[in-house]
Amino acid sequence: MDTRAMHWGIVGGGMLGLTLALRLSARGHQVTVIEAAPCLGGLASAWRLGDITWDRHYHVTLLSDTHTRGLLAELGLERDMQWVQTRTGFYTGGRLHSMSNTVEFLRFPPLGPVDKARLALTILYASRVRDWRRLERIPVADWLRRLSGERTFQRIWLPLLRSKLGENYTRTSAAFIWATIQRMYAARRSGLKKEMFGYVPGGYARILDRLAERLRERGVGIVTGSPTQRVTRAGSRLRVTTAGGASQIFDRVAVTVPAPLAARLCPEMDEGERARLEAIEYQGIVCASVLLKAPLASYYVTNITESWVPFTAVIEMSALVDRAEFGGRSLVYLPRYAAGNDAVFEATDEELRERFLAALERMYPHFHRDQVECFQVSRVRHVHALSTLGYSERLPPMRSSVPGLFIVNSSHIVNGTLNVNETVGLADRALEAIAHDNRG
Ligand SMILES: Cc1cc2nc3c(=O)[nH]c(=O)nc-3n(C[C@H](O)[C@H](O)[C@H](O)COP(=O)(O)OP(=O)(O)OC[C@H]3O[C@@H](n4cnc5c(N)ncnc54)[C@H](O)[C@@H]3O)c2cc1C
């Protein structure tokens, strides 16, 4: 219990804002969460797809996700988790290959034995590197070329980098791929023999409902459908003004929205700080959820190296989650990561449906679009910050130049990939910054 209980305003009701609210309320603070969207959860929120409710974006938990599992245990949901060993596919050279174990890797046709050995050594080496700050100074393409060789870079790494980063891969540091490989290896590092993917039956809709229920029990105020427009000083306190002009005064405010949006909401931060937040570049996503009468394949993730395919991977959720959750049907996600100003954001649902389903028909000969029961598109322009060269050195601290105002968001995940585990861990780190502020 904090002896100086205060009233906190949290702008943004995603997993970060909600976890912060949970932790601050546990310390005895009064907390109000203010969310722009009609429902909580942000990137992890759920939506209605035909007659089912499931995550708007695909989510899994890893066995090594100790922060997420800890939170789920607090909410009494961890014991319900289902753990599944999934398979991985690779679509390359116009064919679908299984890449789910060492034998399949050794058989993988696009690479010869020497290339495969170098690829395996690259991954092993990356999993052992500890000094990620050194990697922040090396372009990812240079690093991977040097370790894996030009052929493997062109055939495997480059298409995978482009699928996540577009042409921005040229400005991305090696810390990006290091963090991705670290996550892949986390289970093994923690002594677990095999990687398993887990989910909570009912998906994030159930997790978020339970989290909101717990917050309300603790007296946390939750306001949805209320975009914050400004956070300004009000004497020694802070005023949060929402759309429509209503405002509320808080002792402390934590803004958890993406960095450039935070810069716009908080005009009283010093200019240099706002410029640094605005300069953080984000990748966005256009992600289609497709409900199908029949399965597409048996892989949870299928990586794609063909540039004609308009999406960057195929995620078959029903290869992991019991199909009973989807009324016996299959749920497939078709994500396309792109910079926020990419033309794909302007495409209508009908255009995307036509492009995406035509590509699926070409990739999977047994698939026909008459198997589609529902096709729905999510568009988010700010998903994750680009890990550019020297990224962490330019990041402003969480404690802002305005007393009592904290800017905490996923851009502060400097040595990890974007996932709920890192997000919950970030909330705990933010609490340290806050506690430090209280002492000072
Ligand atoms: C395609 C995809 C797949 C993913 N897969 C996984 C996975 O498999 N496993 C995993 O662990 N994680 C996964 N993640 C990551 C996970 O979703 C994020 O780590 C987490 O949801 C981030 O939470 P956040 O609160 O930091 O951000 P956000 O969810 O972006 O929350 C920010 C919130 O602020 C709100 N907001 C914005 N502007 C305002 C305003 N002006 N006023 C008030 N509120 C505002 C937004 O509406 C939003 O709710 C995935 C994400 C995506 C996009």
Side-chain angles (χ1 to χ4, degrees), residues 9-21 32-46 55-69 71-72 86 163-164 183 186 197-200 203-204 207-208 211 222-231 240-244 253-266 282-289 300-301 311-313 315 317 320-321 333-338 377-385 407-413 416-427 430:
I10 310 254
V11 177
M15 285 305 293
L16 178 59
L18 296 174
T19 309
L20 262 178
T32 302
V33 177
I34 303 163
E35 165 58 42
C39 65
L40 295 173
L43 296 174
S45 62
D55 310 353
R56 173 188 289 266
H57 305 113
Y58 46 95
H59 279 80
V60 291
T61 301
L62 308 193
L63 273 173
S64 46
D65 283 347
T66 47
H67 296 299
T68 307
R69 292 178 65 189
L71 177 66
L72 293 175
T86 60
S163 77
K164 209 66 200 248
R183 180 155 169 82
F197 284 169
Y199 69 96
V200 172
Y204 265 84
I207 297 172
L208 288 161
L211 188 46
I222 298 178
V223 184
T224 53
S226 183
T228 294
Q229 290 189 323
R230 284 276 175 279
V231 182
V240 173
T241 307
T242 51
V253 171
V255 173
T256 69
V257 308
L261 306 184
R264 260 173 263 159
L265 292 185
C266 308
Y282 276 72
Q283 279 294 93
I285 197 168
V286 169
C287 185
S289 291
Y300 173 64
V301 177
F311 36 82
T312 48
I315 315 293
M317 205 63 197
L320 164 71
V321 172
Y333 292 88
L334 304 175
R336 178 175 178 122
Y337 283 91
V377 182
S378 165
R379 297 171 182 79
V380 188
R381 288 181 198 258
H382 295 94
V383 171
H384 69 88
I407 308 290
V408 189
N409 55 47
S410 60
S411 71
H412 290 100
I413 301 173
T417 58
L418 178 74
N419 58 67
V420 172
N421 193 55
E422 290 285 349
T423 302
V424 175
L426 174 62

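Values reported hereafter were calculated over all heavy atoms of this structure, with side chains retained and with hydrogens, waters and symmetry mates removed. Both counts, for ligands and for their atoms, begin at 1 and track the order of listing.
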| field | Atom of N421, atom of D65 and distance for their closest heavy-atom approach | value |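 Closest heavy-atom pair between N421 and D65: OD1-C, 3.1 Å.
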Give every pair made of an N or O atom of ligand 1 and a protein N or O atom lying under 3.5 Å apart, one pair per line with both atom names and the distance to 0.1 Å, or write 'none'.
residue	atom	partner	partner atom	Å
ligand 1	5 (N)	Y58	O	2.8
ligand 1	8 (O)	V60	N	2.9
ligand 1	9 (N)	V60	O	2.8
ligand 1	11 (O)	V420	N	2.8
ligand 1	12 (N)	V420	N	3.2
ligand 1	14 (N)	H59	NE2	3.3
ligand 1	17 (O)	H59	NE2	2.7
ligand 1	19 (O)	N419	O	3.2
ligand 1	19 (O)	T423	OG1	2.9
ligand 1	25 (O)	M15	N	3.2
ligand 1	25 (O)	L16	N	3.0
ligand 1	29 (O)	L43	N	2.8
ligand 1	41 (N)	T228	O	3.1
ligand 1	42 (N)	T228	N	2.8
ligand 1	44 (N)	A36	N	3.1
ligand 1	47 (O)	E35	OE2	2.6
ligand 1	49 (O)	E35	OE1	2.6
ligand 1	49 (O)	E35	OE2	3.2
ligand 1	49 (O)	G42	N	3.4

| task | Verify the distance criterion only: is there a donor paired with an acceptor across the side chains of H57 and S378 at less than 3.5 Å? | result |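 Checked: H57/S378 side chains pair up, N/O donor to acceptor below 3.5 Å.
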| For C287, the option from F311, Y337, Y58 that meets side chain to side chain contact (heavy atoms under 4.5 Å, CB included) | Y58
| Is it true that a side-chain atom of D55 and a backbone atom of A46 form a donor plus acceptor pair closer than 3.5 Å? |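 Not at all, since once roles are kept as given, no pair shorter than 3.5 Å links the two residues.
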| field | Whether R69 side chain and L63 backbone form a donor-acceptor pair below 3.5 Å | value | yes
| said: Parallel, tilted or perpendicular, judged at 30° and 60°: which one describes the rings of Y282 and H382? | reply: perpendicular
